[in-house]
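Computed over heavy atoms, backbone and side chain alike; hydrogens, waters and symmetry mates excluded. Position 1 is the first residue of the sequence; numbering continues from there. Just so it is clear, the structure is predicted and the values come from calculations on it, not from any experiment. Both counts, for ligands and for their atoms, begin at 1 and track the order of listing.
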Amino acid sequence: MSKPAPLRPVKGMQSMYGEEADRFAYVVETFERVRRLYGFKRVEMPVLEQTAVFARTMGETSDVVGKEMWSLESRSEGSLTLRPEFTAGIARAFLSEGWQQHAPMKVATHGPAFRYERPQKGRYRQFNQLDAEVIGSDDPLADVELLAFGSQLLAELGITGVTLKLNTLGDSESREAWRAALVEHFSAHRDELSEDSQERLEKNPLRILDSKDPRDRPFADDAPTMRLTPQAEDFFDAVKAGLDASGIAYTLDPHLVRGLDYYRHTAFEFVTDQLGAQGTVIAGGRYDGLIEALGGPHTPAVGWAAGIERLSMLVDSDAADALDIAILPMGDAAKAKSLDLAQTLRRGGRSVELLTTGKMGKRMGRADQAGARFALIVGDDELQKGRAQLKHLKSGEQSEIDFADLVKATS
Ligand code: ATP
Ligand code: MG
């Protein structure tokens with residue numbers, strides 16, 4: 001019988017171990033801690049939604065709906081799609097799960113999202129997002145609080161060199177007028193634009209501003225900017241004043257747009273110069289039109305999403321889980337006792353690894369390699385005395401400690 005062909009991972013889908021996985025976990029743990037500081041409640045969302053949830057909200061002309069969705073035909077429920085983002089599904093749940101009674105609600109979640117894109121550094125077909133949303137508030141201070149949350153998250157992750165780019169997409173009225181001005185501007189250069197942008201011209205000219213194609217950049221860069229209605233102007237002023245009052249720095253970028261149709265007013269991105277074209281680490285804005293697009297009542301909302309893999313690439317590698325104590329028992333009786341000690345230490349909040357096999361020198365080497373702060377040596381002698389040898393690995397200092405005092409001695 002011939003050997004079966006080796007199995008390979010699906011293109012653009014990663015498995016992680018070691019340092020990479022540690023940094024990923026560190027990003028998620030930091031997010032979980034910071035979202036509590038801002039009073040965002042955790043929600044859990046399904047990975048599959050009806051395709052219409054995304055098609056209706058993200059816009060047929062968006063890259064995501066147009067070419068990046070992973071869809072499948074279900075036997076009983078028609079077309080379903082693996083979520084390419086969280087926002088649309090959360091908005092769906094807001095309507096279908098009776099969450100309207102909690103409005104305004106501040107929610108956060110994280111998990112995998114799927115987009116059929118060309119895989120490259122910082123761009124995968126299964127990637128992971130952190131997500132934060134405030135649904136049911138038209139207060140510009142909701143935008144400010146979300147931005148403060150994003151900014152503190154980056155600071156606590158130790159990520160520096162990030163710029164908050166800020167823009168407003170206006171209300172529907174300012175947006176329609178701007179759209180017309182953009183169609184006029186780009187039509188004058190139609191033949192010089194990329195094929196994609198020629199196609200976008202009538203359907204979604206705002207997207208040309210967001211184009212990464214060098215043929216589009218010159219025309220995108222000197223495109224007309226939006227003229228705001230007084231109401232839209234007031235809203236944006238309030239967001240900027242709130243950021244100033246919160247001590248959060250930002251750069252105005254009149255050409256910043258979001259790729260999706262549902263945005264109004266505030267649009268923002270936290271951008272680093274360290275990841276090339278994949279430099280956007282947090283992106284979001286206000287989406288006052290989205291819940292209506294799903295058939296719900298007018299519901300103002302604002303949110304952001306962040307790519308966990310991109311954030312992970314920017315955090316320090318010593319985010320690895322630290323090991324407090326490696327226990328090295330000698331002999332069967334000591335081995336049994338070491339199980340008891342390990343449990344006592346873990347219940348006391350210490351991380352413990354039991355190294356029970358191999359020569360003592362080898363085991364010491366493994367304890368070092370695992371980055372343990374202490375090695376705890378238990379032999380027959382120690383058992384008799386009810387004590388163990390505790391060695392601080394960095395200094396080499398060693399002392400004999402009572403079993404009962406080990407938690408205290410390893411603080
Ligand atoms: P980009 O312009 O880089 O394609 P986007 O505008 O499509 O990003 P959003 O829809 O705003 O991205 O998603 C929010 C965040 O999710 C992005 O800022 C990024 O950090 C991350 N992200 C989006 N797509 C991918 C992907 N394919 N792989 C990894 N991370 C991604
Ligand atoms: Mg994209």
### Query
With backbone taken as N, CA, C and O and side chain as the heavy atoms from C-beta onward, which portion of E117 lies under 4.0 Å from ligand 1: side chain, backbone, both, or neither?
side chain
### Query
Which residues satisfy the ring pair (Phe, Tyr, Trp, His ring centres under 6.0 Å) test with F235, sequence neighbours excluded?
H265
### Task
Flag the pair E156 and R33 as a salt bridge only when some basic side-chain nitrogen lies within less than 4.0 angstrom of an acidic carboxylate oxygen.
yes
### Query
Does ligand 1 have an atom under 4.0 Å from some heavy atom of E85?
no
#### Entry: Parallel, tilted or perpendicular, as decided by the 30° and 60° cut-offs, for the rings of F149 and Y38
parallel
### Task
Under 4.0 Å from a heavy atom of R115: give me the atoms of ligand 1 that qualify, with their elements.
5 (P), 7 (O), 9 (P), 10 (O), 12 (O), 13 (O), 23 (C), 24 (N)
### Message
Judged on heavy-atom distance to atom 23 (C) of ligand 1, which of W304, F114, F127 sits nearest?
### Response
F127
#### Entry: Proximity winner for atom 13 (O) of ligand 1, if only heavy atoms of Q120, Q129, K212 are counted
Q129
#### Entry: F270 CZ to L311 CG distance, which is reported to the nearest 0.5 Å
11.0 Å
### Query
Considering only heavy atoms, does V281 approach ligand 1 within less than 4.0 Å through its side chain, its backbone, both, or neither?
backbone
### Message
I'd like to know whether ligand 1 has R123 as a neighbour, heavy-atom separation below 4.0 Å.
### Response
yes
### Query
Relative to atom 21 (C) of ligand 1, which among G307, G279, A283, A305 owns the nearest non-hydrogen atom?
G307
### Salt-bridge criterion met for E195 and R215 (N-O under 4.0 Å)
yes
## Note on the structure
For K394, the side-chain contact (heavy atoms from CB on, under 4.5 Å) test, sequence neighbours excluded, returns H392
